[in-house]
Every structure is written in C-alpha cells, then in structure tokens.
Amino acid sequence: MKASKFYISTLREAPSEAVIASHKLMLRAGITRKLGNGLYTYLPMGVRSLYKLENIIREELEETAGALEFKPTVIVPGDLWKESGRWETMGAQMLKAKNRAEQDMVVSPTAEEAYTAIVRDGLDSYKQLPVNFYQINTKYRDEIRPRYGVMRGREFIMMDGYTMNADDASLDESYNAYEEAYFRIFKRLGLKIIPVKADSGAMGGSGSEEFMVESPIGDDTLIICPNEKCGYAANVEKAECAADESVNKKGEKVPATTLPLEDVATPNVFSIEDMEKFFDESPKMFVKALIYRVINSSLDLSKATGSDKWQQVKDPAGDYYPLSYACVLIRADLDVNEAKLAATLKASEVVLAEADEVLEYAGAPHGFVGPMTAKCPLIVDYSVIKDGEAQMHDAIAGAGKEGFHVKHVEPMRDFVPFINADLRTAKEGDKCACCGGTFYTRKGNELGHIFKLGHKYTKSMHVTFLGQNGKPTEPTMGCYGIGVDRTLASIIETNNDEKGIIWPMSVAPFQVCIVPIKYDGQMKEVADKLYEELKSAGIEVFLDDRNERPGVKFADMELIGIPLRITVGDKNLPNVEFKPRAASEAELVPATEAGAKAVQFVKDELAKLKA
Ligand code: ATP
Ligand code: MG
C-alpha cells in the first residue's frame, strides 16, 4: 500500500477527554474516531488491525476449540428474550425497539437466546451434540458510563461462542478447549493474561473464569496468592480467603458465655468506630447487621421472616420476588461482598436499604440494627456462624431499638441463619484458603470470559434431545466471550512509548514501512524496488511516498507503530536504515539485502508470538 492512496489521519494532540494511553493513541494514530458517546468508528488503519485480531481468534477457535463460525442477526425478536426471562431482568443496558408492526425487538447485548433458538430448532438426537458455534459480531449495551474509548463502549464487537452439550463431561471438554484456545489467542497477541476465578453464582452457572490483563485503569480487582505452586487468583467479587478467628482486643479467643442478653444504653454510638471507643473492644467482637434491599431473588422465601409482605411473581423461566429484604450479619471488621450476597440470594441486584426501609425491617435506625429483632431473613457470614457453630462468642450487636446495643450475644443461641454463606470481601493481607499465602491485589481489565451456563436457557426455552437411553433430555450449555475492541485497546495500552504505538507483529496494520527521505530520483528507485520485493514475498508493506518532510513521515510511522521501518536516504545509499520500532538504534544494511532481512524479521517476530 502506498501512503498517497491511503487515508492517514494522525493528530498531534488527542482530544482532552481521552485520558488513557490507548484511547489517546487510537485517536491520534487514526485508528478510531468518535461518532457519539460510547460509539466509535474504525478508520481504514484501525480496521486492518481489528480484522487481524479477529482472524487470530477465528483460527484458534476453529483449530483448538473445534468451534464453527455462525452469524446471527444483531436485531433479535423480543419474544425470545421473553422466553428466557431476560426481557425483564436485563435492565436498562439492553436497547429495545419496536418495528413497524409494533413487535418488540432487541439490539443484542449478548446472544444466548439467539443461539439457543437456532440450535433448538434442528436438535433431535444426542448424535448431533455437542453443537459448538461462535460469532464475531456487533453488540450493544447502554452502559451508564462508557469510558476509555473502546475499552468500555456502548457499541462494541464481541466474540461470543456457545456450546450445547449432552452432559457435564462433554461441557467440561468444551470449556477446557476454549480455555486452551484463549491462552493461544492471547499469546499470539503478545498479552500477558491472568486467568481468575469469577463470580458465577447469580447466573446459575457452576464454573467461570475471566481472562484479565493487569492494568492500573482496570475495572476489576484481582486477589492473587503469591505462592506460585498454589496459583490462586480470583476476582474480588468471588475471592475466598481462609477464616481468621474472632479475638478480643488483647488478641485472646473469647469463650462462649451463659450470661443472658443485656441491653446497654448507647445514645451517641452510631458507627463501628464509636462502638470501639464506647465498649473499648475490638471490632472483631461486634456483629455488624445491615439491611439490604434485594431485587429479583429467585429463592423460595415463603418460609422467611417478612415474606408475607413480598410478592412472588410466577414466571416460566423461574418464579422470583421482584423486591424483598435481607438482614446481613458479618463480623464488624469485615466488609460484605455484594456480588457474593447477590449470588447467595439468587438476586439480580442487592442495594443497601434506605433509612425508612431500615426502620421498617429492623425496628431501629441504621447503627442499631440487631440480629434478634430483624423482620427479614438473616443471611449470616461464615465469620459469625459456620456449619452450625458460632464463630464469635459473647459478642456485641445492635439491640434493634434506637440508642441501644446488646451484650453477651451468642450466635446459634440467640439467632440462627436463614442462610449461612461466605459473604466477606477478601482483601490484601488476607490468607489464601488453599496454601496460607498472604494475598496481594492488582487492578485488572477483563478481556475474556468462559462460563458454564448449565441448564438455565435449555430449561426456560424448552430445549430437549433424545438421549442415548431414548428419553427426552435437556442439554447443558457453556458460553465464551472475548471483547474484541477491548483486547485491541489493551494491546496498545501495554505496547507504547512517548512516540506512539508499538504493535506486536501479529496485529500491526502493516508489517513493514519504507520511508524514502524524498520520493524522488535514486531514493524513489530503491524504495520502489524494495516495495515490490517485499510485496511479492507476501509482506504487508507500506510505502510512505508522500511529499512531506522526513520528520513528519517518521513521526507518523512511529505514532502508527509499524514494527519495522526501512529508511532510504541518499546519504546512506547504497545502504538503507533498518529500524525495528521497538529498538532504540537503527542499523545500516545494503539495500540489496534489506528485503531478505525484513522478511526474516517479520517471520521471527511472528514465531516468537506463536511459540
Ligand atoms: P464488564 O464487567 O467489563 O462489564 P461483562 O462481564 O459485562 O464485562 P461479558 O458479558 O462477559 O462482559 O462479555 C464478554 C466480554 O465482552 C468481556 O470480557 C469484555 O471483554 C467485553 N465487553 C463487555 N462489555 C463491554 C463494553 N461495554 N465495551 C467493550 N467491551 C466489552
Ligand atoms: Mg458489563
């Protein structure tokens, strides 16, 4: 390709709203342009890298994961989403529309429904399973806060794969094959990936892993065990840690008490810090009680305290309570992990209750909420009770009336859980439950996700096949996603310097650029010859034949980040300058050898990424 025939659109400065390196560089190098909030257009230079990335994904999925590409529509009938139950539960991030016949339509935020409907129609026998399809297609999510350019856009491109499997063993195979394919994909893109265990409870899945890149601007917090043999790494939404004992401020374990509960007037004690001062005790001796509003819980709450006030909605996809409440109990030095709580309650969302709701369900304002007087089910963390045994003794809690706390609280004697679960947020310094190592944390960005969905969609959308035993059987499913643009942005985020992008060879828009100091006379002749030579060797070569000052051409090629530059200048002829983008110095080589050397360079770089 010649620059004179191409569309180069570089900017000296990035618009001020771009604050991270990849967003700035994508705009400055002419890779993307903003069309609206969260809406980005890829310019011709960007499309080249984008399609290369997509093709690497295609190759590895087909070779390693045995997946076949299909191409569903982006607009999907709303009826399918009503079948699955997600028409109601997806919330405001799903863009809905009506067609001229007033039929409901969805702009796909994801495609479980479309895949399930398509495969359902042709499925008869176990012999057809597994069905392993993927697409690379446009998605739309009406994100509240799109930011960082294509890292979190509203319209974006996702690779989404889906498998329908006859049984769990087959699903495990598909899941493992995708995992393997992901490792190969990210290796070829030159990205160092941290696979982490992820939250999957709320969606009813049984296994889930996220593929993260470490990044200071990451939206996720990763909890990592430093012990390499152990290798435990998890999203904070899911991370579990070893239990640590409740001890008093002297560091002693406190025995169970037989003393009765005793109210203590605590008129000005509202916070945990106030309690520490007033009782002169460690927060490890306090039970913290929090009232939560619970949205769309699919638990059976008919036997729960307070359930007479809540309405259960009958739904073919599973009955649920649009609104209910819970009182969460946890040791006061710990924090409730709302992702774990939502998963435990099989809810789409949990939110701390407002003052009037707290009064209604605790009989007291925030600060005095107590386990013995709560008018909603007690959801108790393992730090308070585990396996039917109290983990704290002679504790202090809110009394459930304004201005009072209560002493000598014995969990299990004075209250029992409606549900007992791991609800605490693991943090830096907590101990690994597997090996005892001390956790550290990192910020991460999620590039991909693999997920065992189980029967969620095959049940709600009534998919069956005739099993080997001749009986109708419900298949199980897996889903697998990679954020294509976010991955492209992450490559730039980790490969750049003050001059611009440093593309890995595998996704560079062009592999080699030739820059004649002046496109004229002997320099033109040598440059043209090299250009033809590289083209016929199958190299993606860019010839900067523009009538611009050399400084402008160098700056553009460095900003765009082409991995190798060959400079043809009359001062150096018959030699030319050979300069890898990542190297600090150029090397002089005879023009007659430069072509072969460039071909070898491209090959070596690609091989490094494939190994
Ligand atoms: P996030 O927590 O970042 O919102 P998610 O859990 O909603 O991600 P999935 O539904 O698992 O994401 O989608 C699969 C992949 O699509 C993600 O791993 C991510 O790389 C990408 N992705 C999701 N939302 C966006 C977005 N708004 N812009 C760009 N990529 C996205
Ligand atoms: Mg999201």
Side-chain angles (χ1 to χ4, degrees), residues 20 22-23 26 32 34 36-40 42 50 53-54 57 61 86 89-95 107-115 134-162 175 178-179 181-182 185-186 189 191 193-203 205 207-215 217-222 234-238 338-339 342-343 348-349 443-453 456-457 477-493:
I20 63 166
S22 58
H23 188 194
M26 284 176 111
T32 52
K34 183 173 171 175
N37 198 6
L39 302 174
Y40 287 85
Y42 283 86
L50 180 69
L53 200 170
E54 292 185 359
I57 295 176
L61 287 183
R86 289 208 291 182
T89 57
M90 275 306 274
Q93 66 166 322
M94 186 156 86
L95 186 63
V107 185
S108 291
T110 170
E112 283 79 5
E113 282 77 1
Y115 167 85
Y134 77 97
Q135 63 173 324
I136 296 180
N137 211 346
T138 300
K139 298 286 177 296
Y140 187 89
R141 293 181 185 178
D142 220 7
E143 300 274 358
I144 299 182
R145 216 154 60 91
R147 60 188 179 137
Y148 299 151
V150 300
M151 281 276 191
R152 182 172 298 285
R154 284 192 171 142
E155 184 179 305
F156 61 100
I157 304 166
M158 198 200 285
M159 180 296 289
D160 43 328
Y162 305 88
Y175 183 89
Y178 269 89
E179 183 181 31
Y182 277 29
I185 290 165
F186 292 119
L189 300 175
L191 284 169
I193 284 291
I194 311 174
V196 305
K197 293 182 181 57
D199 166 42
S200 62
M203 289 184 66
S208 165
E209 233 173 332
E210 288 167 348
F211 290 71
M212 299 280 187
V213 274
E214 201 186 309
S215 163
I217 54 114
D219 282 331
D220 293 88
T221 301
L222 317 181
N235 194 318
V236 69
E237 293 184 346
K238 161 89 177 188
E338 292 183 352
S348 59
E349 203 185 342
K443 288 273 172 215
N445 238 335
E446 179 193 325
L447 301 188
H449 196 175
I450 54 178
F451 196 99
K452 291 181 190 172
L453 285 167
K456 181 175 159 81
Y457 296 94
M477 274 173 63
C479 72
Y480 319 90
I482 293 180
V484 177
D485 343 54
R486 189 181 289 179
T487 300
L488 194 70
S490 296
I491 294 171
I492 298 175
E493 197 64 35

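This one's a predicted model, so the numbers in the text were calculated from it and none came from an experiment. As the structure lists them, so they are numbered: ligands from 1, and atoms in each ligand from 1. Starting from 1, each residue takes its place in the sequence as its number.
Every atom of ligand 1 with a heavy atom of Glu143 under 4.0 Å away is listed here by number and element: 24 (N), 26 (C), 27 (N). Within the listing of ligand 1, atoms 18 (O), 20 (O) sit less than 4.0 angstrom from a heavy atom of Leu447. Atoms of ligand 1 found under 4.0 Å from any heavy atom of Val150, numbered from 1 in the order shown, are 29 (C).
Taking distance alone, with nitrogen or oxygen atoms compared against 3.5 Å, Phe156 stays at or beyond that limit from ligand 1.
The protein non-hydrogen atom at the shortest distance from atom 15 (C) of ligand 1 is Gly483 N, 3.7 Å. Of the protein's non-hydrogen atoms, His449 ND1, 3.0 Å is the one closest to atom 11 (O) of ligand 1. Looking from atom 13 (O) of ligand 1 to the surrounding protein, the closest heavy atom is Met158 CE, 3.5 Å. Distance from atom 28 (N) of ligand 1 to its nearest protein heavy atom, with residue and atom name: Gly153 N, 3.1 Å.
Contact annotation for Arg152 and ligand 1: heavy atoms of both the backbone and the side chain come within less than 4.0 Å of the ligand.
Nearest heavy-atom pair, Leu191 versus Ser490, reported as atom, atom and distance to 0.1 Å: CD2-O, 4.0 Å. Between His449 and Phe211, the shortest heavy-atom distance links the atoms N-CD1, 4.4 Å. In plain terms, the two heavy atoms of Ile492 and Ser22 that are nearest each other are CG2-CA, 3.8 Å.
Side-chain atoms of Arg141 come within 3.5 Å of backbone N or O of Pro109 as a donor-acceptor pair.
A salt bridge is absent between Asp220 and Lys238: the closest approach of a Lys/Arg side-chain nitrogen to an acidic carboxylate oxygen does not fall below 4.0 angstrom. Using a 4.0 Å cut-off between a side-chain N of Lys or Arg and a carboxylate O of Asp or Glu, Lys456 and Glu112 do not qualify as a salt bridge.
Classified by interplanar angle (parallel below 30°, tilted 30° to 60°, perpendicular above 60°), the ring pair His23/Tyr40 is perpendicular.
Judged purely by distance below 3.5 Å, without hydrogens or angles, the side chains of Lys443 and Thr221 pair a donor atom with an acceptor atom.
Among Arg154, Arg145, Glu446, the residue whose heavy atom lies closest to atom 17 (C) of ligand 1 is Glu446. Closest heavy-atom approach to atom 10 (O) of ligand 1 within the set Arg141, Met159, Met151: this belongs to Arg141.
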